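First up is the structure itself, then whatever we jot down about it.
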Amino acid sequence: EGLQSQFCFSHLLTATAGYLFFLRQQKQFTGNLGTRETSPTKGSPGDKIVLTGFFTPVGKLAGSVSPFTNKIETYLRFAGLPHRTENGGFAGSPKGRLPWMQHGQDIVADSRFIVKYLQNTYGSQLKIQEPQDAASQAISTLIQRMCEEHMYFTSQYHRMVNRKASGWFQNALFKDAPGWQSVLIMYAFRAGRSKQLRYQGVLTNSETDINQLIGDDLAALSSILDDKPYFLGSSPSAADASAFGTLENYLYDGNDDTPIPSMVRKYSNLVRFVDSVRADYYSDKLQKAGKSQ
Ligand SMILES: N[C@@H](CCC(=O)N[C@@H](CS)C(=O)NCC(=O)O)C(=O)O
């Protein structure tokens, strides 16, 4: 018997070692989403910009249903930089996420690094100005982090976990998959996203508590915006691109069975901000959508 259990034990050890080796090959210990190469910081201004992200039209949005893709498309429009857009393309992203940008030989992923890269590459050619004083620069960073690292996740609850949003979710993301398959994909996706939100922390809260957090963020944005045209003054900056990416989604993604759109509507200055950016920078897309309806 002793010999038998020893035999089992050695099998167990071999299997464990094999599994660890498998995980190592899959880069599970270092993150399996990409190679984690450091983002390029500057390119040559003559190269063309190709932005890959989520560009399937959803709801009444002028920009992307992905707040990060929306942020960069808006930044490029604010900056007056000509660009081409490509839909999809997770596989090509060095960080496994959207959006990413091809510029000459460079591939830059993550909206924060894309903005820095564009600023370093185009400098004074950009039609967009970042604030010069340290306090405003700090507020810009805080706005972006709140939108991208908090408002994104709280709204993910209402998009992908809240069952009231099932119809919207399926239609927005999987409408091209045939019937029952789209339901299966949606459930698999929902399971993955729930796990992500539990680890991230949002899903440790009840729906009432999540809504409280959403309300706090909106109140903060509304106070900072006040009656200014843009968050940091009279002209747009990266913070506005980020806030627009988030707030346009909160208002116009069409996920209207959730409380988010009506929560934003309590703040008339946030609605005014979103609507004026749409009118001033997205009239081409809005007109096209209007014609095709
Ligand atoms: N910090 C990144 C976040 C990008 C991100 O999370 N994008 C989402 C789309 S909205 C994504 O690709 N998610 C895929 C995933 O979570 O695996 C950025 O600023 O670009």
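A quick note: this is a predicted structure, and the numbers were derived from the prediction, not measured. Whatever order the structure lists ligands and atoms in, that order sets their numbers, starting from 1.
- For the ligand labelled ligand 1, residue Phe54 lies outside the 4.0 Å heavy-atom shell.
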Show the numbers, then the answer: is there a side chain to side chain donor-acceptor pair (under 3.5 Å) between Ser242 and Glu148?
CA-CA 8 Å; Ser242 178; Glu148 297 163 26; 2.7 Å; yes

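- The aromatic ring centres of Phe54 and Phe68 sit 6.0 Å or more apart.
- Using a 4.0 angstrom heavy-atom cutoff, Ala109 does not count as in contact with ligand 1.
- For the pair Lys164 and His158, the minimum side-chain heavy-atom distance is 4.5 Å or more.
- Distances between N or O atoms of Glu149 and those of ligand 1 include no value under 3.5 Å.
- Ligand-side atoms of ligand 1 in range of Pro99: 20 (O), range being under 4.0 angstrom from any heavy atom.
- Around the NZ atom of Lys60, the shell of radius 6.0 Å holds no more than 12 heavy atoms that belong to other residues, nucleotides or ligands.
- Near Arg193, meaning under 4.0 Å from any of its heavy atoms, are these atoms of ligand 1: 15 (C), 16 (O).
- The shortest N or O to N or O distance between Asp110 and ligand 1 is below 3.5 Å.
- Among the atoms of Arg97, some N or O lies under 3.5 angstrom from an N or O of ligand 1.
- The backbone N or O of Val277 sits nowhere less than 3.5 Å from a side-chain atom of Asp280 that would complete a donor-acceptor pair.
- Partner of Phe174 under the ring-ring contact (aromatic ring centres under 6.0 Å, His included) criterion, out of Phe169, Trp180, Trp168: Phe169 alone.
- The pair Glu248-Lys71 does not count as a salt bridge, with every side-chain nitrogen at least 4.0 angstrom from each carboxylate oxygen.
- Among Ile72, Asn70, Leu98, the residue whose heavy atom lies closest to atom 4 (C) of ligand 1 is Leu98.
- Remark: ligand 1 atoms within the under-4.0 Å shell around heavy atoms of Arg112 are 1 (N).
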